[in-house]
2 protein chains.
Amino acid sequence: MMLKEGIPRHTQISEWLRDQIETGKFKAEEKLPSENELAKKFDVSRVTIRRALQSLESEEIIYRCQGLGSFVSDDRTSHNLIQLTDFNEDMKKAGLDATSDVRRFVSVDAPAWLAKRLRIEEGNKVVQIDRVRYGNGEPIAFDSTWLPILYGQLLNKNDLSDATIFDILENQYEIPVVKGCYRMSAESADAELAKELNITENTPLFLIDRISYTIGEKPIYYQKRYYRNDKVIYEMTLERSAEDKSSSEMPLKEFVPIFKSNK
Amino acid sequence: MMLKEGIPRHTQISEWLRDQIETGKFKAEEKLPSENELAKKFDVSRVTIRRALQSLESEEIIYRCQGLGSFVSDDRTSHNLIQLTDFNEDMKKAGLDATSDVRRFVSVDAPAWLAKRLRIEEGNKVVQIDRVRYGNGEPIAFDSTWLPILYGQLLNKNDLSDATIFDILENQYEIPVVKGCYRMSAESADAELAKELNITENTPLFLIDRISYTIGEKPIYYQKRYYRNDKVIYEMTLERSAEDKSSSEMPLKEFVPIFKSNK
DNA sequence: CATCAATACTTGTTAATACATGTTGTTCTT
DNA sequence: AAGAACAACATGTATTAACAAGTATTGATG
């Protein structure tokens with residue numbers, strides 16, 4: 001096995017292992033080659049192998065047992081991290097077919113409350129996009145998104161049926177979303193929401209309110225999404241590790257929307 | 001500096017450093033002694049010191065710069081961890097005075113939906129506790145808590161004005177909460193909720209639904225808490241680290257209730 | 001005075017080596 | 001057949017050694 005120059009060997013080895021695990025060459029709970037075998041394979045010292053394995057261990061990608069070996073962790077679902085997902089991904093995970101209808105695609109003057117969130121001047125132009133989101137053809141959510149004209153101009157009404165805003169900005173224009181600030185609350189459906197979501201007026205809706213930022217704490221868009229309360233619940237799990245009973249800090253294991261079935 | 005036997009030196013050294021940092025002997029952004037200095041101080045090899053520092057680095061308690069040294073991290077607020085807090089703590093952080101009125105403290109037969117959540121048999125006795133929660137004297141939330149009789153008998157109506165259930169079980173009876181599963185949704189206020197929270201009927205409320213577990217995945221209690229939507233918003237922030245732009249996984253930085261002021 | 005080179009410090013990488021400790025299966029004994 | 005002892009192999013701990021590479025200061029040079 002050849003190693004490049006210029007990059008630390010332990011880094012290359014842990015990257016190689018990470019890749020093998022991610023692509024399924026080493027499966028969950030499978031035993032990895034022993035330290036000595038790996039050392040021989042890469043022609044490095046055992047210390048270097050251990051350095052590589054330590055990285056993976058601290059990321060909880062593998063775990064190790066003295067006398068037994070190193071193994072691929074099973075709960076690869078979350079390493080204290082949660083995924084920032086968009087609507088389509090969430091739906092796909094839930095096994096639902098995601099579609100959306102664009103109901104409004106206009107340029108408006110930013111009111112004060114919006115300007116503050118997007119860190120722009122009041123009255124500046126912003127693009128507003130209103131969409132109904134469907135899961136298996138049924139309305140699940142309604143959202144309004146506001147983008148500064150700078151970003152809004154990059155979007156095109158037609159693209160939005162297939163791709164998400166997240167997707168387009170990140171993949172087509174290399175504007176990554178590096179931070180998201182969510183707010184959760186409840187609100188009752190007004191006439192428009194009731195009509196679009198096919199529910200009666202004043203039904204309570206679950207509202208997620210989000211500002212997405214790109215590099216340098218720069219807001220990209222502000223989004224308000226109203227979920228049909230009978231269709232989706234957000235769930236999150238916190239777990240305190242067995243060792244550390246002292247603090248009440250816990251890593252978040254999951255934060256996922258759960259789509260309810262029709263019953 | 002003396003090291004004990006039986007415990008790995010690198011563990012003792014990283015524990016010592018962790019303690020020094022936590023108790024403020026080394027302050028945020030302060031430079032730690034160099035690896036060689038530490039090696040001399042503890043009379044161990046530099047490799048052992050590096051092993052100790054690596055632990056702290058992977059926990060993001062310190063960071064290190066080649067050529068410069070090792071420094072205490074500043075953002076000790078959250079290391080991918082979020083705190084599992086109870087109502088009183090949340091209120092205290094927000095600078096509000098937390099009080100509660102116990103409205104119901106009864107023993108009931110567990111209906112099917114509750115039995116499932118608490119992993120007990122349908123019809124088994126559970127203790128139900130309904131409380132109104134106040135912040136600075138104003139009603140903020142209403143919650144119902146159900147505990148299997150095993151845990152419920154440990155509680156006493158009078159204790160619950162001051163202490164939280166969380167508190168009593170963990171501190172008085174050493175039953176730690178090691179896991180919490182939260183569900184968030186919206187619901188409209190029924191007559192009782194409207195009366196207790198001093199709002200009009202059918203106002204949307206923000207509902208947090210929680211199962212708390214102790215060691216061994218054993219449910220301790222199930223709680224439904226209705227927050228007044230005009231008083232509380234839950235906020236959370238996700239951040240993607242600068243290096244790792246590949247995955248869309250982000251550590252959760254905060255998940256906190258925000259109490260709105262009267263306006 | 002500004003610039004560059006030397007140097008003294010820092011952390012980073014890696015090897016070679018030794019022994020400790022936990023796990024498992026084999027083999028010898030009873 | 002059951003149990004004890006052992007060997008083989010796994011990871012864990014720790015040392016000594018050397019060199020690489022980044023940072024900051026110092027001092028000589030133009």
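All chains are named by letter (A, B, ...) in the order of the sequence lines, taking the proteins before the strands, and each is independently numbered beginning at 1. Since the structure is predicted, the reported quantities are computational estimates derived from the model, not experimental observations.
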Checklist entry - Under 3.5 Å, is there a donor-acceptor pair between the side chain of B/Q12 and the main chain of B/I7? => result yes

Item to check | Side-chain (A/T214) to main-chain (A/P176) donor-acceptor, under 3.5 angstrom | outcome: yes

Checklist entry - By salt bridge (charged side-chain N to carboxylate O under 4.0 Å, His left out), which residues pair with B/K125, not counting sequence neighbours? => result B/D109

Item to check | Results of salt bridge (charged side-chain N to carboxylate O under 4.0 Å, His left out) for B/R119 - residues two or more places apart only | outcome: none

Checklist entry - Would you call A/I149 and A/V127 a side-chain contact if the rule is heavy atoms closer than 4.5 Å? => result yes

Checklist entry - Are the side chains of A/L154 and A/I175 in touch, meaning some heavy atoms are under 4.5 Å apart? => result yes

Next on the checklist: Mind checking if A/R9 touches a base, just sugar-phosphate, or nothing, with heavy atoms under 4.0 Å?
Outcome noted: sugar-phosphate

Checklist entry - For B/S45, which contact category applies under a 4.0 Å heavy-atom criterion: base, sugar-phosphate, or nothing? => result base

Next on the checklist: I'd like to know if A/R18 pairs up with A/E15 as an ion pair, taking the criterion as any Lys NZ or Arg NE/NH1/NH2 lying under 4.0 Å from an Asp or Glu carboxylate oxygen.
Outcome noted: yes

Item to check | Outermost nucleotides of DNA chain C that come under 4.0 Å of a non-hydrogen atom of chain B | outcome: C/dT10 to C/dT13

Item to check | Rounded (10°) bend between the five-pair end axes of the helix from C/dC1-D/dG30 to C/dT30-D/dA1 | outcome: 10°

Checklist entry - Hey, which of these two, B/L68 or A/C65, hits DNA chain C nearer its 5' end, going by closest nucleotide? => result B/L68

Item to check | Given DNA chain C, 5'-ward residue of the pair A/I7 and B/P33, judged by closest heavy atom | outcome: B/P33

Next on the checklist: Restricting to ring-ring contact (aromatic ring centres under 6.0 Å, His included), what partner residues turn up for B/Y63, sequence neighbours left out?
Outcome noted: B/F71

Item to check | Contact interval (first through last nucleotide) of DNA chain D with protein chain A, 4.0 Å heavy-atom | outcome: D/dA10 to D/dT13

Item to check | A/K224 atom NZ, neighbour heavy-atom count above 12 within 6.0 Å | outcome: yes

Item to check | Among B/R9, B/R46, B/H10, the one residue meeting side-chain contact (heavy atoms from CB on, under 4.5 Å) with B/R51 | outcome: B/H10

